[in-house]
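This report refers to the structure that appears directly beneath it.
Nothing fancy with the numbering, it's 1 onward along the sequence.
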Amino acid sequence: MNATTLTSLARAGGCAAKYPAARLETLLAGLVPAVADDLLVGLDPADDAAVYRLDDERALVFTVDFFPPVVDDPRTYGTIAAVNALNDVLAMGGLPLLALSVTAFPEELPTEMLAELLAGAGEAVRTAGAILAGGHTIRDAEPKYGLAVVGTVHPRGIWSKGGARPGDALFLTKPLGTGLVLQAQRDGQAPHGALAAAVTAMTTLNREAADALRPFTPSAVTDVTGFGLLGHAYEVASRSGACLVLDGEALPALPGALELARAGLRTGGDRRNREYAGAHVVSTAAVEHEALAYDPQTAGGFLVALPAAKAVSLQATFVAAGLDLYRIGAVEAGGGVRIG
């Protein structure tokens, strides 16, 4: 058995395998949050990671994230899964410190494949400035991999989903469309070069983007993953008590993604994301732009809300650093999300 069989063992790949957001919201509503003065971010409301204060200068950021394979090459799969988990800590303004592997792998597959997977993950962890210090592995017919990651952040430097304010500008730090491209690849319909571009995006850690953003004290930050841009925008809007207004034509797309959306390709994650956020989204956007905004992302970029007065300086900083940054809308008074 060889590496080309990895994705054939997965029922859904990457962040598209997430439990439906609407069901998760109902499930978490039944849990009683822990009462602790030092639990700065927990379930009420949930964010990209939990944060626990150690003292006035230090807090721990903790997350866990794992999913089935999105590509057949095990090393690339390990890198993507690790980047996706590490990005949760970065999205809170934190710096990754320590990671543990969470692994489920079929016994029938060669151990060399698992070794390659772990090597890819280890490289991503080192790039983040952290240490891969161990983990836990079980047997499973469907491969799954990810990380539990601990990082640190100053208690007054936490980035949350709940701080967007009217007058803020909205930015993305990566193009959209990984779900569409990966689905097309599974169907044998991916345009030439589309998968390579998607892999480049998914293996790019958000560390440099976070470092460039940190001096600007953003109002709100989240990483765009399985719930799609509109699902995560709805979370920012609801937690901030504001309306996020998106320009559909300004949304950056991976090569081939808009063409696939225009042709009618959709993922199962698209449907689940519409069930979650659709009632809170007013759309006058073109069909392909709306589909791009609902598309589930794997290891996506940041969605950032920042006072508009800082926008030009932020854009100049990203350009100087050779980093992508796309202005996609603004925050207004009200609630929910508008895209047109």
**Study point:** Heavy-atom check, side chain of Glu259 versus side chain of Arg262, under 4.5 Å
**Key:** yes
Check your understanding: Quick one: does Lys310's side chain have a donor or acceptor within less than 3.5 Å of a partner on Phe216's backbone?
Key -> yes
Listed pairs under 3.5 Å, donor-acceptor, residues 322-340 side chains, sequence neighbours left out:
| from | atom 1 | to | atom 2 | distance (Å) |
| --- | --- | --- | --- | --- |
| Asp324 | OD2 | Tyr326 | OH | 3.4 |
| Glu332 | OE1 | Arg338 | NH2 | 3.1 |

Point to revise | Working for side-chain contact (heavy atoms from CB on, under 4.5 Å), residues Glu235 and His232 | key: CA-CA 5 Å; Glu235 291 179 332; His232 291 287; 3.3 Å; yes
Exercise for review: Indicate yes or no: at least one non-hydrogen side-chain atom of Val41 is less than 4.5 angstrom from one of Ser160.
Suggested key: no
Practice item. Keeping the roles fixed (side chain from Thr203, backbone from Thr200), state whether a donor-acceptor pair exists under 3.5 Å. Key: yes
Review point. Is Lys161 close to Asp48 at the side-chain level, that is, under 4.5 Å between some pair of heavy atoms?
Key: yes
Review point. Mind checking whether Val51 and Leu86 sit in one hydrophobic cluster, side chains of I, L, V, M, F, W, Y counted as touching below 4.5 Å?
Key: yes
Practice item. Verify the neighbour count for atom CD1 of Ile131: are there more than 12 heavy atoms of other residues, nucleotides or ligands below 6.0 Å? Key: no
Exercise for review: Check whether any side-chain heavy atom of Asp187 lies under 4.5 Å from a side-chain heavy atom of Leu265, and answer yes or no.
Suggested key: yes
Exercise for review: For side-chain contact (heavy atoms from CB on, under 4.5 Å), just list the numbers for Leu118 and Tyr145, CA-CA rounded to whole Å, side-chain angles, deciding distance to a tenth of an Å, and then say yes or no.
Suggested key: CA-CA 9 Å; Leu118 294 173; Tyr145 185 75; 3.6 Å; yes
Review point. Leu260 versus Glu288: any side-chain heavy-atom pair under 4.5 Å?
Key: no
Revision key, fill the gap. Of all heavy-atom pairs linking Ala141 and Pro143, the shortest is O-CD, 3.7 Å
Review point. When rounded to the nearest 0.5 angstrom, what is the spacing between CG in Asp65 and CG in Asn87?
Key: 9.5 Å
Practice item. List the atom of Leu292, the atom of Ala253, and the distance in Å for their closest heavy-atom pair. Key: CD2-CB, 3.7 Å
Review point. If Ile, Leu, Val, Met, Phe, Trp and Tyr residues are connected whenever their side-chain heavy atoms lie under 4.5 Å apart, and connections chain through other members, are Leu254 and Leu182 in the same group?
Key: no
**Study point:** Path from Val245 to Leu170 over hydrophobic side-chain contacts below 4.5 Å
**Key:** no
Check your understanding: If we only count heavy atoms from C-beta on, is the Leu6 to Leu109 side-chain gap below 4.5 Å?
Key -> yes
Review point. Val83 and Leu97: same hydrophobic cluster, using ILVMFWY side-chain contacts below 4.5 Å?
Key: no
Exercise for review: Could you walk me through whether Phe171 and Gln315 pass side-chain contact (heavy atoms from CB on, under 4.5 Å), step by step?
Suggested key: CA-CA 9 Å; Phe171 294 92; Gln315 290 171 304; 3.8 Å; yes
Review point. Do the non-hydrogen side-chain atoms of Leu230 and Leu246 ever get within less than 4.5 Å of each other?
Key: yes
Check your understanding: Is it true that a side-chain atom of Asp88 and a backbone atom of Val64 form a donor plus acceptor pair closer than 3.5 Å?
Key -> no
**Study point:** Pairwise distance CG(Asp72) to CE(Met113) - rounded to 0.5 angstrom
**Key:** 8.0 Å
Exercise for review: Determine the minimum heavy-atom distance between Phe318 and Ala212, stating which atoms define it.
Suggested key: CE1-CB, 3.7 Å
**Study point:** Inter-residue atom distance Asp223.CG - Met92.CE, 0.5 Å rounding
**Key:** 10.0 Å
Review point. In Å, rounded to the nearest 0.5 Å, how long is the span from CG of Asn84 to OG1 of Thr79?
Key: 12.5 Å
Check your understanding: Which atom names give the shortest non-hydrogen contact between Leu40 and Ala59, and what distance separates them?
Key -> CD1-CB, 4.5 Å
Check your understanding: With under 30° as parallel and over 60° as perpendicular, where do the rings of Phe67 and Tyr77 fit, or are they tilted in between?
Key -> tilted
Exercise for review: Could you pull out the closest heavy-atom pair between Pro296 and Gly226, with the gap in Å?
Suggested key: CB-O, 3.2 Å
Practice item. Verify the neighbour count for atom CG of Asp56: are there more than 12 heavy atoms of other residues, nucleotides or ligands below 6.0 Å? Key: no
Practice item. Please work out whether the ring planes of His280 and Tyr234 are parallel, tilted or perpendicular, with thresholds of 30° and 60°. Key: parallel
Practice item. For Thr63 and Ala49, indicate whether the former's side chain and the latter's backbone hold a donor-acceptor pair under 3.5 Å. Key: no
Review point. Do Leu98 and Val153 belong to the same hydrophobic cluster, where Ile, Leu, Val, Met, Phe, Trp and Tyr are linked whenever their side-chain heavy atoms lie under 4.5 Å apart, directly or via other members?
Key: no
**Study point:** For the student: nearest non-hydrogen atoms of Pro69 and Thr7, plus distance
**Key:** O-CG2, 4.1 Å
Review point. Going from CZ on Arg156 to CZ on Arg53, what distance comes out if it is rounded to the nearest 0.5 angstrom?
Key: 10.5 Å
Review point. Roughly how far, to the nearest 0.5 Å, is the CE atom of Met202 from the CD1 atom of Ile80?
Key: 4.0 Å
Practice item. With side-chain contact (heavy atoms from CB on, under 4.5 Å) as the test, would you mind laying out the steps for Phe302 and Leu90 before giving the verdict? Key: CA-CA 9 Å; Phe302 291 150; Leu90 294 168; 4.0 Å; yes
Check your understanding: Has the side chain of Ser219 got a donor or acceptor atom that lies under 3.5 Å from a matching backbone atom of Arg165?
Key -> no
Review point. Would a 4.5 Å heavy-atom cut-off, applied to side chains only, mark Thr137 and Ser101 as touching?
Key: no
Kindly list each side-chain donor-acceptor pair under 3.5 angstrom involving residues 174-181, sequence neighbours excluded, with atom names and distances?
| from | atom 1 | to | atom 2 | distance (Å) |
| --- | --- | --- | --- | --- |
| Lys174 | NZ | Ala201 | O | 2.6 |
| Lys174 | NZ | Thr204 | O | 2.7 |
| Lys174 | NZ | Ala299 | O | 2.7 |
| Thr178 | OG1 | Gln297 | OE1 | 3.4 |
| Thr178 | OG1 | Thr298 | N | 3.0 |

Practice item. Would you confirm whether Asn206, through its side chain, and Gly300, through its main-chain N or O, come within 3.5 Å as a donor-acceptor pair? Key: yes
